[in-house]
Protein chains: 4
Amino acid sequence: MTVVESTLVADAASTARRQATTAAGSPRQDPQPAQMKALVYHGPGRKAWEDHARPVVVEATDAIVRVTKTTICGTDLHILKGDLPSCVPGRILGHEGVGVVDSVGAAVTAFKAGDRVLISCVSACGKCAYCRRGMFSHCETGGWILGNTIDGTQAEFVRIPHADTSLYPIPPGADEEALVMLSDILPTGFECGVLNGKVQPGNTVAIVGSGPIGLAALLTSQFYSPAEIIMIDLDDGRLEVARRFGATASINSTDGKAAEAVMKLTGGRGVDTAVEAVGIPATFELCEEIVAPGGVIANIGVHGVQVALHLERLWDRNISITTRLVDTVSTPMLLNIVKAKRIDPTRLITHRFKLSQILEAYETFGHAAETKALKVILEA
Amino acid sequence: MTVVESTLVADAASTARRQATTAAGSPRQDPQPAQMKALVYHGPGRKAWEDHARPVVVEATDAIVRVTKTTICGTDLHILKGDLPSCVPGRILGHEGVGVVDSVGAAVTAFKAGDRVLISCVSACGKCAYCRRGMFSHCETGGWILGNTIDGTQAEFVRIPHADTSLYPIPPGADEEALVMLSDILPTGFECGVLNGKVQPGNTVAIVGSGPIGLAALLTSQFYSPAEIIMIDLDDGRLEVARRFGATASINSTDGKAAEAVMKLTGGRGVDTAVEAVGIPATFELCEEIVAPGGVIANIGVHGVQVALHLERLWDRNISITTRLVDTVSTPMLLNIVKAKRIDPTRLITHRFKLSQILEAYETFGHAAETKALKVILEA
Amino acid sequence: MTVVESTLVADAASTARRQATTAAGSPRQDPQPAQMKALVYHGPGRKAWEDHARPVVVEATDAIVRVTKTTICGTDLHILKGDLPSCVPGRILGHEGVGVVDSVGAAVTAFKAGDRVLISCVSACGKCAYCRRGMFSHCETGGWILGNTIDGTQAEFVRIPHADTSLYPIPPGADEEALVMLSDILPTGFECGVLNGKVQPGNTVAIVGSGPIGLAALLTSQFYSPAEIIMIDLDDGRLEVARRFGATASINSTDGKAAEAVMKLTGGRGVDTAVEAVGIPATFELCEEIVAPGGVIANIGVHGVQVALHLERLWDRNISITTRLVDTVSTPMLLNIVKAKRIDPTRLITHRFKLSQILEAYETFGHAAETKALKVILEA
Amino acid sequence: MTVVESTLVADAASTARRQATTAAGSPRQDPQPAQMKALVYHGPGRKAWEDHARPVVVEATDAIVRVTKTTICGTDLHILKGDLPSCVPGRILGHEGVGVVDSVGAAVTAFKAGDRVLISCVSACGKCAYCRRGMFSHCETGGWILGNTIDGTQAEFVRIPHADTSLYPIPPGADEEALVMLSDILPTGFECGVLNGKVQPGNTVAIVGSGPIGLAALLTSQFYSPAEIIMIDLDDGRLEVARRFGATASINSTDGKAAEAVMKLTGGRGVDTAVEAVGIPATFELCEEIVAPGGVIANIGVHGVQVALHLERLWDRNISITTRLVDTVSTPMLLNIVKAKRIDPTRLITHRFKLSQILEAYETFGHAAETKALKVILEA
């Protein structure tokens, strides 16, 4: 994830104190702003669970949410490595979670204090040309900004811009742990992998990468009843999880012969949908090798360098390649389908911590090969 | 164009004499087969207009067509350079044209001797899994075989496999020169560029390459009333043609600043559809630079080498990239729309020759920069 | 047009004076509210151009627009006949127009006083489940409310709820008369007739009804280059206009033999798209007779009674029937395409009046058979 | 089902003896043609299991299939009541089944004697304009002709026109009883109900009619993971079956309050997809009452009389209504998905008989209310 064309919304933490104006709903006028605990990025390799000013309403369309459950994303690890220049030191990380509305700006009509809400990783104004096309990811004043260009959800409180179109009411009786998976990972797997990949009943799908995001694509691809779902990874443990989650075949690609294995499984035809869920040239090029004529390569991976596109072989193969930053337009549908118990997102949750144990949670999540961690839940 | 998975249909010219069996309709049993003139490929750089055995019905689904008008494609020049290993010396070139049915096999039901027909550059059995999906280009026993893996249309007669689904009746009173443009160039520009590119009313389109195929995309994109069509080429003469054909803006990319110019024309946003109509890395990468978030790069160009796909910049831009060998599924629609005079394909025709002057026609077409040739008509 | 599920927004005129609260931007606190002239409905058959309180901002998302140009819709005539119970006496009529923003509520971010704006006939919150699906017509707090359940645009000033998502900026240099056609009639013809009717290049279209809305469908269907557009009406004058506007054939249905005539024109096949633009059973049933297998009947007409659907004949014809209240989701596209001069909406304008002459304008528009009126422009 | 525009293919039984010409592959020249047993329609209320001439190849594209398993369709009962004038006395009934190829015409390339095949209820030439659009149901020389305008499958042998595009190879090891459900009932429920109804993940579906065809729609709608599937019928036994087959709710409509019940279940919103699987006005009008704004009514039922379409209420609801005779374009997909065990079609089979017991089987199937019969298998 990264930010595109988002210049309007500045850092709440640093500007809230002077900007909390009459335009906003119920500005706090404390000479000493209230404090909270938060996970703050301090530059490559450095983070701390420390005291921080509590966020306040800045724009009339903001809501302040008390975070009750959050989680850690692979993207947070990328930020901590220093890979995302858009995220500067001092930033509170995190773009996932559920919580309770603490206060709202004057223009918020869909939520009020006390409402239990799901926080979307993407903020959407609902008005700009991109939002009107359902491309919330490219909202002119939103997109992925939480825990990136403004403070995020790994804290006791978070400011949510464009609250009416960036929060979702939690239905009574819902499993809130399950819903944390709807902030980012399930819509990402579904929109970027399954919808873009045009998964259809009876089709053949390969998913390259059996980490949390590949598994989210695996779970949500089953909404469309493909005949075959082939999972490819280097780690036998993750492949075993994939088979439990519904993969009909799995390939350990350590030997460099994954393409051959896919061709064998598909009678030499290749797959209708190849989902790239890693983000490196080798896995993308594997997708180029295994996609059937007429098929789709749906990229989910976050790439840091260019890849070789073999048009000399693909120009006449009638294929499509898609890229996408999750728009979270599917969130209402996913809420419905979770409520109807057609999917159990908690299968992705392997570890649980108190929010105050977040540094330990980062250790666990950051060493997934040993800990077998997929998603960790942090409870406030 | 190249052949994919087409192994069944062998060279008619060399096998017809021994294969003309009882399965076929009315096999000719002449001890000395009838002769005709044809343009034969004799290896890189070598071709001749020479005597050749006339084709006969081999399969019951074949038709023999007397060619009345044909043309030369850029792909024919590629073959003559030796770029297409699938096309071996001894092959009659050409995959476009109109003519009159001379004889048909026993299983042909839609055509009879004397019918005037349009020859599709793609042969389709109409039965295989690909044909049933409308992917005639990947027909298991067809696809682009004419003038490639079997003898083609630059001759007095040609054998057309799968005649019922590879020929089209010419409506009475039709302009047959116009219809020669429907064998390949118009469906290619339309299907690979316009349909794949999802050109829509009010959208912004850029077409990189103002040669015959780019101009075909330009003409057919106007079926969908885009607001802006930006044409990009190195040749001012071709850009001037493009403006006459409906381009709303043109950019000479000689200075290497085409991307900047497109961004300026689109208010920094880029284009909804970028059509690649050249086939080299530089032009494809230009498309990567100018496509807007949510847009499509529709590749038409025949590429000989890989290109760099800048996923490090495009992974979160919600774009699609498409490739396609023309399927000619749009031919019935194009016949309708030509009949209704909503497009005049003869605007692409710059030169006319007798079929017997084909070597001269190749000279003219092969030196388009000087001759300003777009499409040449060869009349039998 | 009628109102669906719109219960929230009450009559501005009656509630504004007591509701103009601090939540709104710059409430007017005049003891005597400012006055203006407006066209007020006083029950079946009765209307007056009279003094009325000027509207003020009620919700933070409102804008007050000074109307510079407006027009009269056939629906206004329906209201005056007493056909729409949702529109009660005392209501200012009108749901079309352009103007200048006079003031905005605190939550309006896209517009400010002085901006020139196009008013959409449909108000959209941009937040509810229907708006998120692009079904603005069914917005839970909007939809078609202007000149229906709240005061409308046939006045010197109008209050526009959900201003950010219900107004459109007018580009510099635009022809404002042309844009009045974008409030309702062009998006209605386009969305309900052309988009729902799946008009495609090379297809055959019949439009039943050559009044303003049928002509709007005729103009916008040409965005997709159908091969044939057959116009059907009882009035030769209107059919002559239709031919000038691009119809390829016209049929006067006075003799009751329109279906036969269409079948003759289409070689017995029928039309791919039949657009119903009248709103009575006879015209809808004509569409049932002329739609080809695989075709679409796209209803635009406002129907007051049920129609007979001949499923005993249509159940196996693979057809679709669509209904739609315009959503105005196509407005940004239409603005683009008007700007690009691919359509000239002013062709629909036959008469011009001062806004103060509105009673005379109603006379002219209400007697279209004699006056040949299509759309009338009222200028403030 | 009924026949549309199919005039070419005459009755095989009566014409085969004189037409078996040299055009065909291996004509039988027996002075006394071989005999077989067949279920012959002898006019309203009359049928017999009797001796009949065995069919022979008439057209070069025919195959003769020895039927190994067949079944009875509700449409067969309609024919026996005399409801279908297209089906004349003397006709062998039946349009479903699997078998073994006995002989093929000269132009058949995809099958040979001995191949095990699935017989599609729709014959498709694969060449005409309708077939090229995937509308096999309207094939100019095919469509639903088996057991209707030509002799059908309730016999020891059947002639299949257009064999290459109307038969499907049975994969080794397949459950042939399951595949009998792919001749008609599953593609009908899927194409007419599920595909036309645009069933999507998370959506709400109501199916009116819990007979075999409604249950086929129920089973195949689950390919798309709707959140809710509400089944409506008059018979509690069938509703109980529906719940076992995956319905999330069921409504017995005997009390005339089904619409109210659906509104209650959907929070007053109605359903995204309403499938009509009965074929009478009352059930179609129930669909009109329960479809949500933006929803679809997908008609499967065979209607004998017109229905009332309440456009006075629906004109502004943004709905679609679709009709369709099954095209069987989904058969390859259904074969894949059965092979992958994502659906078990044998759940529809309640009774099994020998083919020679077909009169008893008709009794059982014709009294489904008592026998609880869904589909019966007849084994040769």
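Everything numeric in this text was worked out from a predicted model, so none of it was measured. Every chain is numbered from 1 and lettered A, B, ... according to where its sequence line falls, protein lines coming before strand lines.
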query: side chain to side chain contact (heavy atoms under 4.5 Å, CB included) with D:Val98: which of D:Val117, D:Thr71, D:Leu118?
result: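 Only one option passes, and that is D:Leu118.
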Chain D contacts: which residues in residues 200-215 of chain A have a non-hydrogen atom closer than 4.5 Å to it?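 Result: A:Gln200, A:Pro201, A:Gly202.
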Using distance alone, with no hydrogens and no angle criterion, decide if [X] and [Y] have a side-chain donor and acceptor under 3.5 Å apart.
X        : Y        : answer
D:Ser330 : D:Glu191 : yes
D:Thr328 : D:Ser120 : yes
A:Thr109 : A:Asp164 : yes

Exercise for the section: Could you tell me whether the side chain of A:Asp184 and the main chain of A:Cys121 form a donor-acceptor pair under 3.5 Å? Expected result: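 The answer is no, because no donor-acceptor pair under 3.5 Å joins these two groups.
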- Item | Donor-acceptor contact present, side-chain D:Ser123 to main-chain D:Ser166, <3.5 Å |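 No: the side chain of D:Ser123 does not pair with the backbone of D:Ser166.
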Q) Out of curiosity, A:Glu276 CD to A:Cys287 SG, how far, rounded to the nearest 0.5 Å? A)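 Interatomic distance, A:Glu276 CD to A:Cys287 SG, rounded to 0.5 Å: 5.5 Å.
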| task | Could you list which of residues 334-349 of chain D have a heavy atom closer than 4.5 Å to any heavy atom of chain A, in residue-number order? | result |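 The residues closer than 4.5 Å to chain A, in numerical order, are D:Asn336, D:Ile337, D:Ala340, D:Arg342.
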Under 4.5 Å between any side-chain heavy atoms of A:Ile229 and A:Ser221, yes or no?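 Yes, at least one pair of side-chain atoms sits under 4.5 Å.
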Side-chain contact, heavy-atom cut-off 4.5 Å: D:Pro169 with D:Phe111?
->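 With C-beta onward as the side chain, the pair touches.
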inquiry  = Taking side-chain hydrogen bond (donor to acceptor under 3.5 Å, both in side chains) as the criterion, tell me which of A:Thr188, A:Asn299, A:Asn196 meets it with A:Arg324.
reply    =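 Of all the options given, the one that passes is A:Asn196.
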Let me know if D:Thr248 has heavy atoms under 4.5 Å from chain A in its side chain, its backbone, both or neither.
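When you check distances to chain A, only side chain atoms of D:Thr248 fall under 4.5 Å.
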